[in-house]
Protein chains: 2
Amino acid sequence: MTEHAQQVLPGSAVGDGTAPARPSTLRKVQQIFDAARTVFLEFGYDASSMEVIAKRAGVSKATVYAHFTNKEDLFEAMIRQECQGIADGIYQPDANSEDLAGELRKMARNVTALFAGGDGLAVYRILVPVAPRFPRLGEVFYAEGPLSGRENFAEFLRLAHQRGRLKIPNPTLAAEQFMSLIRGDLALDAMLLVAPRPQEEVEALIEGGIAVFLNAYRADPAPQSTGGPQPPH
Amino acid sequence: MTEHAQQVLPGSAVGDGTAPARPSTLRKVQQIFDAARTVFLEFGYDASSMEVIAKRAGVSKATVYAHFTNKEDLFEAMIRQECQGIADGIYQPDANSEDLAGELRKMARNVTALFAGGDGLAVYRILVPVAPRFPRLGEVFYAEGPLSGRENFAEFLRLAHQRGRLKIPNPTLAAEQFMSLIRGDLALDAMLLVAPRPQEEVEALIEGGIAVFLNAYRADPAPQSTGGPQPPH
DNA sequence: GTCTATATTGTGATAGAC
DNA sequence: GTCTATCACAATATAGAC
């Protein structure tokens with residue numbers, strides 16, 4: 001894991017030469033932060049202006065620049081804080097549960113929920129166009145979101161394999177496959193289309209995905225060679 | 001299907017009251033078009049300027065505005081033309097082939113190739129942030145790219161089912177599942193990270209995905225109920 | 001720390017000569 | 001149709017008073 005942005009809010013930093021922040025100052029910084037969050041997430045980086053952010057925060061533009069060196073800095077700080085919350089929204093499957101399909105289903109519902117207009121989706125949307133300009137931010141989001149979720153789930157699968165409940169030679173690959181199966185084109189839809197996917201299709205993705213996954217990786221059936229389920233060649 | 005943008009390049013339109021375009025004019029329009037493509041695909045809509053596009057095209061800004069009413073118009077025209085080419089890059093599986101796994105593999109390689117820095121990926125990247133502002137463009141890209149590919153593949157699966165080579169109760173769902181299995185997080189990686197996925201992992205996605213898919217949908221094995229492969233509940 | 005006012009640059013779009 | 005020159009405006013960022 002990379003170093004966490006433990007201290008995101010500036011202004012009250014210890015040892016930066018400035019006096020300790022007063023409550024009113026801290027409050028304004030928070031206001032700017034919230035405003036930046038709202039505006040950036042709605043309009044994206046390029047289409048957002050410091051003017052609008054300042055107005056929404058109820059402060060002057062100069063005050064914004066007193067706490068954040070420039071637009072890029074404010075954007076980075078906002079995204080980093082947003083990423084910290086993302087990992088909390090990812091379901092942690094219970095390896096001790098007896099109901100394996102049930103755990104998969106909880107995981108699946110969590111995945112589809114994340115792609116149904118959640119907050120991580122909004123961050124992703126505004127990160128995509130600027131990822132080349134802010135490579136660090138792309139990495140942070142990737143690590144806190146998809147990578148974290150995939151690794152947790154892979155660990156769950158590894159345990160299920162050890163206990164003989166599934167037969168999974170490559171848990172990391174299997175985790176990516178399961179997530180992808182459930183996700184389908186939900187992310188694509190959410191990015192490009194206005195109308196959300198009908199709930200029945202989401203259900204079909206969930207149940208169909210679980211079925212395909214269990215069919216490929218269940219422990220009982222016909223013998224399987226190493227490297228994956230039933231290599232066709 | 002929606003109406004195709006059959007005529008993308010303006011200036012020589014019949015019946016618009018202007019005289020037929022001379023060769024030099026047509027050439028300039030093409031230059032503007034190419035420049036717009038390059039600049040928009042690199043910097044996105046908001047971060048691109050008409051100034052830069054004109055300079056790159058080797059013409060004046062006024063000339064650009066003589067052929068395209070405004071920035072939005074130029075962007076739309078460029079994206080629409082770009083979308084027309086996307087469908088051509090999608091592999092059309094051969095339903096008459098005897099080598100089923102081979103066809104799946106060709107399809108899979110095509111999918112991974114599209115997500116390895118192709119052109120459609122660049123269009124997607126710049127479309128994401130402006131999709132709410134240009135809803136039509138999102139739909140066009142979706143229809144010409146993912147939807148078209150999925151439907152073609154679903155038809156292939158339907159035929160394979162009819163001929164008893166696979167057992168697929170829901171070809172549309174199965175097509176989405178296969179594409180997603182192969183894709184994995186390749187698209188996510190390409191959007192957020194600079195380093196491309198190692199080739200060996202791409203191979204694992206392809207072979208593992210084909211294996212999982214065939215395992216779930218092959219015609220021979222244990223009896224399966226309707227609605228999908230082995231509903232776990 | 002916070003404000004108002006402003007410097008400076010760059011943008012989309014146009015007028016008018018040729 | 002194409003250019004040069006320019007308008008009107010919005011953007012980031014800063015000076016200086018309090």
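Quick note on labels: first sequence line is chain A, next is B, and so on, each numbered from 1. Predicted, not measured: the structure shown is a model, and the values here were computed from it.
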Minimal heavy-atom distance between B:Phe68 and B:Asp73, with the atoms involved, is CA-OD2, 3.6 Å

On the nucleotide D:dT2, are OP1 or OP2 found under 4.0 Å from the side-chain N or O atoms that B:Thr63 carries? no

Please determine whether a side-chain nitrogen or oxygen atom of A:Lys55 lies at a distance below 4.0 Å from atom OP1 or OP2 of C:dC3. no

Applying side-chain hydrogen bond (donor to acceptor under 3.5 Å, both in side chains) to A:Tyr142 and B:Asp189, what does each step give before you reach the verdict? CA-CA 8 Å; A:Tyr142 189 79; B:Asp189 291 11; 2.7 Å; yes

Quick note, ring-ring contact (aromatic ring centres under 6.0 Å, His included) partners involving residues 171-206 of chain A, not counting sequence neighbours, are A:Phe153-A:Phe178, A:Phe178-A:Phe213

Which residue in the set A:Leu127, A:Leu74, A:Val140, A:Val130 passes side chain to side chain contact (heavy atoms under 4.5 Å, CB included) when paired with A:Ile79? A:Leu127

B:Phe134 vs B:Tyr45 aromatic rings, parallel, tilted or perpendicular, using cut-offs 30° and 60°? perpendicular

Here's a test of your reading of the structure: between A:Ala47 and B:Ala66, which maps to the more 5' nucleotide of DNA chain D? B:Ala66

Gap between atoms CG and P, on B:Leu74 and C:dA13 respectively (whole Å): 10 Å

Distance in angstrom units between A:His67 NE2 and C:dC3 P, rounded: 9 Å

A correct 5'-to-3' footprint of nucleotides 12-18 of chain D, with B, S and - meaning base, sugar-phosphate only and no protein heavy atom under 4.0 Å, is BBBB---

Under the side-chain hydrogen bond (donor to acceptor under 3.5 Å, both in side chains) definition, can you give me all pairs with a residue in residues 31-42 of chain B, not counting sequence neighbours? B:Gln30-B:Asp34, B:Arg37-B:Glu82, B:Arg37-B:Asp119

